[in-house]
**Q** 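Dropping a structure here in structure tokens format, bear with me for questions.
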Amino acid sequence: MKLNLRLGKNWIYLPLVFMAIFYLIPMYLMVITGFKSFAEVDLKTMWDLPHGIAFDNFLEAFTKLSPSLWNSFMMVIPATLISSALGSLNGFILAKWKFKGADIIFPFILFGMFIPYQSILIPLVQFMSAAGIKGLAGLVLAHVIYGIPITTLTFRNYYASLPQELLEAAKIDGADMLGIYRYILLPISIPSFVVVLIWQFTSAWNDFLFAVILTGNKEWPITVALNNMAGSQIIAWNVQMAGSLLAALPPLLIYIFLGRYFLRGLLAGSLKG
Amino acid sequence: MMKMLRDKDRYLSVILISPSILAVLIFIYGFIAWSMRVSLSKWKGLTADYTWNGLNNYINLFSDPRFHVDIRNTLIFTGVFVIGSILLGFFLAVFLDQGLKGEGFFRSLFIFPMAISYIVTGVIWRWLMNPALGSRTSGFNLLFSYLHLDFLKNAWHTTPNWGIAAIALAAIWQMSGYTMALYLAGLRAIPGELREAAQIDGATELQIYRYIMVPLLSPVTLSALIILGHMSLKVFDLIVAIAGKQLPLDVPAIYMWQTTFDGLFYGRGAAIGILLLLSVAVLIIPYIRYTLKTETEQ
């Protein structure tokens, strides 16, 4: 009976493997095309494995995209660090240092996470040009500000789950607010920092809407540059595939090595963290 | 002394959080109000013009054939994307919840597309869904030829009227792992005793899912519906990367973009932005209230 039940469950592998193939097909195409030599590239044989490993496509894509890859890093790193630091501080105050009205403010901050950015795009552009904030600096600012809701939420939920006694004990010992934050909460917030840093890195890296409106072609991050490359008739599809892999690589590497934390950010984003 | 210290901390906490609150107040709520004002103006062209125009921008939109296409496309996209992601996510979660070997591997595999930009997804899928026929057949259509499934060959996003459904397929590829993760977390939260009790009462596996798991998972389904639904209202990058900005695949976000920044019809663009915001708010505000309420009850 037990054996029968076990055999009975193994059919589940069939749909799982089938779905695994579905999820891998686009990656398969991206990777094999990237490693084909120019001579081998033909839409008719697009599904065939490459005959050898060639780097033509990557070199070509990298030459075209390296300035924008650099731009992406220059923009994403400060945006991620600043918004994570802000989120931690806000979350601490909202969870453990409630001032009058803190519970009223919180849902208003949360709503900001879900708004369609089309509803603030015109003022944002007007504001940036009036304030003279240009290019990557403006993009960093946008990611920091519109990242406040999600980073605050993640940290608040984490700090709220910590027992209040932890703080009371420190207060009796004479620690003030900043002392409690610095010496008690900060050291145990590392996992939450990893979650938020990954989340912010990925969303800023993958963002297209803010990037395309706030930057000119010298400051284009990778998503905008890749989209323009794909829209151009001159650049072959094989180079586009190699470019896609370059653009996908940083968040994918993070996902491969820190997937657990990525998932937690994902669930927090739907208020389920 | 203690009291003074407490007061000092209280002020400090307000001072430390106020830059963020101020930023949210200005860049979210202030900007929304500003957009609303623009949507009620005659602003057209490069210089700002706040001449009062009443609700005309909104009224014109509702008689604008392009906006009708947008609404239709949004409905089709939402339907295919939300139902597809929920069904796929649910079944994948149930399969993965059976305690099979390799669960972790499959789970990671199903979620990884979430880490990738819509632009990257779009660039790959535009080649997968290449509609060219005859000797230039490629992508999925070529794969169908190999597998002798020629009846599946189709024009994908260039199918008249229904092209947007093909875009939703790419979106399902990207987001179904997320729904799976939501369901998996939900399934793991259901106490094992419930399942055991039902088994003792002689319920079959199918009955357990139908009468116990699915009803208990309804809050997860509701969250998934709302989150995916609000994403489909905002869809922009994916369509742009697959097909550029062409009329048959137009959605409000693209119309807003083109009419504002290419056509300089700021008033109309702002009106589309506000309509998008309102439709998202209808879904999200009750959701936030519900989530925060259940949180305080716990």
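Excluded from the calculations below are hydrogen atoms, water molecules and symmetry mates; all remaining heavy atoms, backbone and side chain alike, are included.
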**Q** Quick one: what part of A:L124 sits under 4.5 Å from any heavy atom of chain B, side chain, backbone, both or neither?
**A** both

**Q** I'd like to know which of A:L209, A:L245, A:D103 tops the heavy-atom pair count under 4.5 Å against chain B.
**A** A:L209

**Q** Which answer fits B:F236, side chain, backbone, both or neither, if we ask what part of it has an atom under 4.5 Å from a heavy atom of chain A?
**A** side chain

**Q** Would you give the length of the straight line joining atom CG of A:L29 to atom CZ of B:F140, rounded to the nearest 0.5 angstrom?
**A** 8.5 Å

**Q** Using a cut-off of under 4.5 Å on heavy-atom pairs, state which of A:M27, A:M113, A:M30 scores highest against chain B.
**A** A:M27

**Q** Please flag which part of A:I105 lies under 4.5 Å from any non-hydrogen atom of chain B: side chain, backbone, both or neither.
**A** side chain

**Q** With under 30° as parallel and over 60° as perpendicular, where do the rings of B:W127 and A:W237 fit, or are they tilted in between?
**A** tilted

**Q** Does the plane of the ring in B:H230 sit parallel, tilted or perpendicular to the ring in A:F114? Use 30° and 60° as the thresholds.
**A** perpendicular

**Q** Please find the pair of heavy atoms, one from A:A247 and one from B:V120, that lie closest to each other, and give the distance.
**A** CB-CG2, 3.8 Å

**Q** Measuring heavy-atom distances to chain B, does A:Y255 have an atom under 4.5 Å in its side chain, in its backbone, in both, or in neither?
**A** side chain

**Q** Between chain B and each of A:L249, A:I256, A:I109, A:L24, count heavy-atom pairs under 4.5 Å; write down the option with the most.
**A** A:L24

**Q** Against chain A, label B:F91 side chain, backbone, both or neither, depending on which of its atoms sit under 4.5 Å from a heavy atom there.
**A** neither

**Q** Given heavy-atom pairs under 4.5 angstrom as the criterion, report whether the side chain, backbone, both or neither of A:M241 touches chain B.
**A** side chain

**Q** With a 4.5 angstrom heavy-atom cut-off, could you sort out which part of B:R37 is near chain A: side chain, backbone, both or neither?
**A** neither

**Q** Which bit of A:V224 comes within less than 4.5 Å of chain B, counting heavy atoms only: side chain, backbone, both or neither?
**A** neither

**Q** Can you say whether A:I148 sits under 4.5 Å from chain B via the side chain, the backbone, both, or neither, judging by heavy atoms?
**A** side chain

**Q** Working to the nearest 0.5 angstrom, can you tell me the gap between A:Y28 OH and B:I124 CD1?
**A** 14.0 Å

**Q** Name the member of B:V240, B:V38, B:I226 that forms the most heavy-atom pairs with chain A at distances under 4.5 Å.
**A** B:V240

**Q** Please tabulate, for side-chain N and O atoms in residues 18-35 of chain B, each donor-acceptor pair with protein atoms closer than 3.5 Å (sequence neighbours left out).
**A**
unit_1: B:S18; atom_1: OG; unit_2: B:V14; atom_2: O; d: 2.9
unit_1: B:S18; atom_1: OG; unit_2: B:I15; atom_2: O; d: 2.9
unit_1: B:S20; atom_1: OG; unit_2: A:N90; atom_2: OD1; d: 3.2
unit_1: B:S20; atom_1: OG; unit_2: A:N90; atom_2: ND2; d: 2.9
unit_1: B:Y29; atom_1: OH; unit_2: A:F108; atom_2: O; d: 2.6
unit_1: B:W34; atom_1: NE1; unit_2: B:Y50; atom_2: OH; d: 2.8
unit_1: B:S35; atom_1: OG; unit_2: A:S119; atom_2: O; d: 2.7

**Q** To check you understand the geometry: which heavy-atom pair defines the closest contact between B:V123 and A:S244, and what is its length?
**A** CG1-OG, 3.4 Å

**Q** Quick one: side chains of residues 93-100 of chain B, donor-acceptor pairs under 3.5 Å with protein atoms, not counting sequence neighbours, listed by atom name and distance.
**A**
unit_1: B:D97; atom_1: OD1; unit_2: B:R188; atom_2: NE; d: 3.0
unit_1: B:D97; atom_1: OD1; unit_2: B:R188; atom_2: NH2; d: 3.2
unit_1: B:D97; atom_1: OD2; unit_2: B:R195; atom_2: NH2; d: 3.3
unit_1: B:Q98; atom_1: OE1; unit_2: A:K9; atom_2: NZ; d: 3.0
unit_1: B:Q98; atom_1: NE2; unit_2: B:V94; atom_2: O; d: 2.8
unit_1: B:Q98; atom_1: NE2; unit_2: B:Y209; atom_2: OH; d: 3.0

**Q** Of the backbone (N, CA, C, O) and the side chain (C-beta and beyond), which part of A:L263 lies under 4.5 Å from a heavy atom of chain B, both, or neither?
**A** side chain

**Q** In terms of heavy-atom pairs under 4.5 Å with chain A, which of B:A241, B:A181, B:A253 leads?
**A** B:A253

**Q** Check whether any side-chain heavy atom of B:V280 sits under 4.5 Å from a side-chain heavy atom of A:I115, and report yes or no.
**A** no

**Q** Tell me if a side-chain donor or acceptor on A:D176 pairs with a main-chain N or O of B:D9 at a distance below 3.5 Å.
**A** no

**Q** If every non-hydrogen atom of A:P107 is compared with every non-hydrogen atom of B:L292, which pair is closest and at what distance?
**A** CB-CD1, 3.7 Å

**Q** Indicate the atoms forming the closest heavy-atom contact of A:W47 with B:G139, along with that distance.
**A** NE1-O, 2.9 Å

**Q** Would you check, one step at a time, whether the test side chain to side chain contact (heavy atoms under 4.5 Å, CB included) holds for B:L276 with A:Y117?
**A** CA-CA 9 Å; B:L276 269 178; A:Y117 294 129; over 6 Å; no

**Q** Is there side-chain contact between B:W257 and A:I213, with heavy atoms separated by less than 4.5 Å?
**A** yes

**Q** Determine whether A:L252 and B:F112 satisfy the following criterion, side chain to side chain contact (heavy atoms under 4.5 Å, CB included), listing intermediate values before the conclusion.
**A** CA-CA 7 Å; A:L252 264 185; B:F112 90 88; 3.8 Å; yes

**Q** Under 4.5 Å from any heavy atom of chain A, what part of B:T260 do you find: side chain, backbone, both or neither?
**A** side chain

**Q** Got B:I285 and A:F111 here, is their nearest side-chain heavy-atom distance under 4.5 Å?
**A** yes

**Q** State, yes or no, whether a side-chain contact exists between B:L233 and A:P116 at a heavy-atom distance under 4.5 Å.
**A** no

**Q** B:K8 side chain to A:M177 main-chain N or O, any donor-acceptor pair under 3.5 Å?
**A** no

**Q** In the structure I gave you, are the side-chain heavy atoms of B:S117 and A:F208 within less than 4.5 Å of one another anywhere?
**A** no

**Q** So which of A:T33, A:I145, A:L86, A:I25 has the biggest tally of heavy-atom pairs under 4.5 Å with chain B?
**A** A:I145

**Q** Relative to chain A, which segment of B:I284 carries a heavy atom at a distance below 4.5 Å: side chain, backbone, both, or neither?
**A** side chain

**Q** What residue in B:I274, B:L283, B:L143, B:L12 has the most heavy-atom pairs under 4.5 Å with chain A?
**A** B:L143

**Q** So which part of A:T223 gets closer than 4.5 Å to some heavy atom of chain B, the side chain, the backbone, both or neither?
**A** both

**Q** What part of A:F106 gets closer than 4.5 Å to chain B, counting heavy atoms only: side chain, backbone, both or neither?
**A** side chain

**Q** For a 4.5 angstrom cut-off between non-hydrogen side-chain atoms, does A:L121 reach B:M256?
**A** yes

**Q** Select one option (side chain, backbone, both, neither) describing which atoms of B:T121 are under 4.5 Å from chain A's heavy atoms.
**A** neither

**Q** Under 4.5 Å from any heavy atom of chain A, what part of B:I227 do you find: side chain, backbone, both or neither?
**A** side chain

**Q** Give, as side chain, backbone, both or neither, the part of B:I272 having an atom under 4.5 angstrom from any heavy atom of chain A.
**A** neither

**Q** Might you point out which heavy atoms bring A:L43 and B:S138 nearest each other, and give the distance in Å?
**A** O-CB, 3.8 Å

**Q** Taking side chain as everything from C-beta outward and backbone as N, CA, C, O, which of these in B:I116 sits under 4.5 Å from a heavy atom of chain A? Side chain, backbone, both or neither.
**A** both

**Q** What part of B:F106 gets closer than 4.5 Å to chain A, counting heavy atoms only: side chain, backbone, both or neither?
**A** side chain

**Q** Does any heavy atom of chain B fall under 4.5 Å from the side chain of A:P15, the backbone, both, or neither of them?
**A** side chain

**Q** Side chain, backbone, both or neither: which part of A:V125 has an atom under 4.5 Å from a heavy atom of chain B?
**A** side chain

**Q** Quick one: does B:W125's side chain get under 4.5 Å of A:P26's, heavy atoms only?
**A** yes

**Q** Quick one: what part of B:M231 sits under 4.5 Å from any heavy atom of chain A, side chain, backbone, both or neither?
**A** neither

**Q** Answer yes or no: is there a side-chain heavy-atom contact under 4.5 Å between B:L16 and A:Y181?
**A** no

**Q** A:R260, A:Q240, A:Q118: which one forms the most heavy-atom pairs within less than 4.5 Å of chain B?
**A** A:Q118

